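Have a look at the structure below, then the notes.
Computed over heavy atoms, backbone and side chain alike; hydrogens, waters and symmetry mates excluded. Letters go in sequence order (proteins before strands), and every chain restarts at 1. Everything numeric in this text was worked out from a predicted model, so none of it was measured.
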Number of protein chains: 2
Amino acid sequence: MAENLKLSNQLCFPIYALAKEVTNLYRPILTELDLTYPQYLVLLVLWEKDDLKVSEIGERLSLDSGTLTPLLKRLEQKQIIERKRDSDDERVVKIKLTSKGARLKENAECVPGKIMESFDISPENIGAIKKGITDVLTQITSKK
Amino acid sequence: MAENLKLSNQLCFPIYALAKEVTNLYRPILTELDLTYPQYLVLLVLWEKDDLKVSEIGERLSLDSGTLTPLLKRLEQKQIIERKRDSDDERVVKIKLTSKGARLKENAECVPGKIMESFDISPENIGAIKKGITDVLTQITSKK
DNA sequence: AAAGAATATATTGCGCACAATATAATTGCG
DNA sequence: CGCAATTATATTGTGCGCAATATATTCTTT
């Protein structure tokens with residue numbers, strides 16, 4: 001068998017598999033907060049800086065409007081955010097946390113810790129792995 | 001702002017983002033073969049060992065029947081595989097490559113090379129990154 | 001000021017990914 | 001043997017993720 005087509009020789013399959021495992025790791029924890037992992041990511045962005053355009057959230061997370069629009073509408077339905085057209089530029093939709101959305105942050109404080117418990121690795125090793133991953137990531141994305 | 005909720009301090013976000021970038025990298029290449037990345041993964045498994053149960057493919061790729069059944073039906077429609085109930089145990093569906101599916105392998109030989117061109121990293125570094133990722137992966141999955 | 005280009009978001013359609021449930025076949029136990 | 005438990009796949013429903021396209025607004029150029 002051609003070596004290059006063996007699953008065990010693939011680099012990308014572990015990346016794909018790990019990403020799935022990671023979101024599975026978050027699932028039970030985030031379900032308690034009635035959130036999905038992508039919704040949680042959007043909130044991480046908003047907790048850091050509120051009142052953003054859809055496109056600004058998209059840039060941060062590499063997600064387009066086809067993904068974000070329905071996701072944001074679901075967050076709106078849960079009254080975690082507000083979507084409002086910008087009066088200065090009616091093309092723009094600004095996303096603002098509601099008070100409920102802002103308060104949710106306190107409940108989310110414990111999430112990273114719970115996740116890290118599953119990673120039974122030293123902080124240094126985590127740093128090294130993260131560096132490896134982000135290096136590959138910046139390389140791929142810079143190539144476009 | 002609480003440091004632990006900063007996006008830039010997350011380990012899992014780069015993993016999530018990298019997995020998306022990777023499938024985006026495969027997309028134009030696999031589109032030429034009329035395949036998606038998960039379909040390609042199924043074929044990697046079958047090219048290595050043919051005539052597998054749905055569950056055996058699922059174990060290999062960590063995918064359940066909810067994902068695989070429709071995916072395999074699409075591969076069947078493209079006449080790349082055959083789905084047939086096992087006569088010994090009618091609960092089991094065996095997946096076999098068609099001659100077209102077997103021939104597709106030749107056209108796929110070039111895929112890993114094209115992908116690796118996008119990773120402008122030395123083989124040693126790729127190996128190290130892969131090790132880091134698979135280590136985390138086995139750790140998480142062994143914890144269940 | 002009007003027409004056309006550019007921009008921002010929304011919509012549609014398709015294919016995963018996974019939980020929950022359903023269906024059908026097989027096995028095991030009394 | 002007969003029936004409950006188990007096993008294997010299928011179905012349903014929800015939520016991404018992304019390409020392609022649509023719609024609406026703003027900017028540009030003349």
Side-chain angles (χ1 to χ4, degrees), chain A residues 13 16-28 30-43 52-78 80-81 83-95 144, chain B residues 13 16-28 30-31 33-43 52-59 61-78 80-81 83-95 144:
Chain A
F13 175 62
Y16 159 86
L18 179 57
K20 286 195 305 169
E21 283 304 329
V22 160
T23 65
N24 288 340
L25 219 53
Y26 277 91
R27 199 182 313 281
L30 291 179
T31 298
E32 306 255 319
L33 304 177
D34 189 29
L35 292 174
T36 65
Y37 184 62
Q39 288 168 12
Y40 169 73
L41 290 179
V42 167
L43 289 179
L52 294 177
K53 302 180 196 176
V54 172
S55 59
E56 289 171 328
I57 298 174
E59 270 170 47
R60 207 73 203 286
L61 301 177
S62 307
L63 292 172
D64 68 2
S65 73
T67 302
L68 282 176
T69 297
L71 185 158
L72 292 169
K73 284 184 177 175
R74 283 186 285 273
L75 287 179
E76 188 182 35
Q77 276 202 324
K78 297 187 219 178
I80 290 170
I81 60 159
R83 297 164 65 248
K84 231 178 81 184
R85 290 273 166 192
D86 189 338
S87 52
D88 289 350
D89 184 342
E90 290 281 348
R91 292 171 305 181
V92 171
V93 171
K94 295 296 278 300
I95 306 297
K144 295 194 188 160
Chain B
F13 174 62
Y16 159 86
L18 179 56
K20 284 194 305 168
E21 283 305 327
V22 160
T23 65
N24 288 341
L25 219 53
Y26 276 91
R27 198 183 315 279
L30 291 178
T31 298
L33 305 176
D34 190 28
L35 292 174
T36 65
Y37 184 62
Q39 288 168 12
Y40 169 73
L41 290 178
V42 167
L43 289 178
L52 293 176
K53 302 180 194 175
V54 172
S55 58
E56 290 171 326
I57 298 174
E59 271 170 46
L61 301 177
S62 309
L63 292 172
D64 69 2
S65 74
T67 302
L68 283 176
T69 297
L71 185 157
L72 292 169
K73 284 183 176 175
R74 282 186 284 273
L75 285 179
E76 187 182 35
Q77 276 202 324
K78 297 188 222 181
I80 290 170
I81 61 159
R83 297 164 64 249
K84 231 178 82 186
R85 291 271 165 193
D86 188 340
S87 53
D88 289 350
D89 184 342
E90 290 281 348
R91 293 170 306 180
V92 172
V93 171
K94 296 296 278 299
I95 305 297
K144 294 192 190 162

Practice problem: Rounded to the nearest angstrom, tell me the gap between atom CZ in B/Arg85 and atom P in C/dT26. | Solution: 10 Å

Quiz item: In whole angstrom, what separates B/Asp34's CG from C/dC14's P?
Solution: 14 Å

Practice problem: Scan A/Asp88 against the nucleic acid and name what it touches under 4.0 Å (heavy atoms): base, sugar-phosphate only, or nothing. | Solution: sugar-phosphate

Exercise. Rounded off to whole Å, could you give me the OH-to-C1' distance for the B/Tyr26 and C/dC16 pair?
Key: 17 Å

Quiz item: Which comes earlier along DNA chain C counting from the 5' end, the contact point of B/Arg91 or that of A/Thr69, where each point is its nearest nucleotide?
Solution: A/Thr69

Exercise. Evaluate the ring planes of A/Tyr16 and B/Tyr37, with Trp represented by its six-membered ring, and classify them as parallel (under 30°), tilted (30 to 60°) or perpendicular (over 60°).
Key: perpendicular

Quiz prompt | Euclidean distance, B/Lys94 NZ relative to B/Glu56 CD, rounded to 0.5 Å | solution = 7.0 Å

Quiz item: Between atom NZ of B/Lys73 and atom CG of B/Leu75, what is the distance when rounded to the nearest 0.5 Å?
Solution: 13.0 Å

Self-check item: Nearest-0.5 Å distance that lies between atom CG in B/Leu30 and atom CD in B/Gln39
Solution: 9.0 Å

Quiz prompt | Straight-line distance of B/Thr36 OG1 to B/Arg27 CZ, nearest 0.5 Å | solution = 9.0 Å

Quiz item: On DNA chain D, which is the earliest and which the latest nucleotide, 5' to 3', with an atom closer than 4.0 Å to a heavy atom of chain A?
Solution: D/dG15 to D/dT26

Quiz item: Between C/dA17 and A/Tyr16, is there an OP1 or OP2 to side-chain N/O distance shorter than 4.0 Å?
Solution: yes

Quiz item: Between B/Thr67 and C/dG15, does any side-chain N or O lie under 4.0 Å from OP1 or OP2?
Solution: no

Quiz prompt | Distance in angstrom units between A/Glu59 CD and C/dT7 P, rounded | solution = 13 Å

Self-check item: Rounded distance (Å) that lies between atom P of C/dC14 and atom NZ of B/Lys78
Solution: 13 Å

Exercise. Could you tell me the separation between the CD1 atom of A/Ile95 and the CD1 atom of A/Ile81, rounded to the nearest 0.5 Å?
Key: 4.5 Å

Practice problem: Could you tell me the separation between the CG atom of A/Leu72 and the CD atom of A/Gln77, rounded to the nearest 0.5 Å? | Solution: 12.0 Å

Quiz item: Of A/Pro70 and B/Leu72, whose nearest nucleotide on DNA chain D comes first from the 5' end?
Solution: B/Leu72

Quiz item: To the nearest Å, how far apart are B/Leu35 CG and C/dG15 C1'?
Solution: 13 Å

Quiz item: Across the strands shown, which category fits B/Leu68 at heavy-atom distances under 4.0 angstrom: base, sugar-phosphate, nothing?
Solution: nothing

Quiz item: Is B/Ser65 touching bases, backbone alone, or none of the nucleic acid, heavy atoms closer than 4.0 Å?
Solution: base

Quiz prompt | Distance in angstrom units between A/Leu30 CG and C/dA19 C1', rounded | solution = 16 Å

Exercise. Looking at every strand, decide which applies to A/Lys73 at a 4.0 Å heavy-atom threshold: base, sugar-phosphate, or nothing.
Key: sugar-phosphate

Quiz item: Rounded to whole angstrom units, what separation is found between the CG atom of A/Leu25 and the P atom of C/dA19?
Solution: 13 Å

Exercise. Assign A/Ser62 to base, sugar-phosphate, or nothing according to its heavy-atom contacts below 4.0 angstrom with the strands shown.
Key: sugar-phosphate

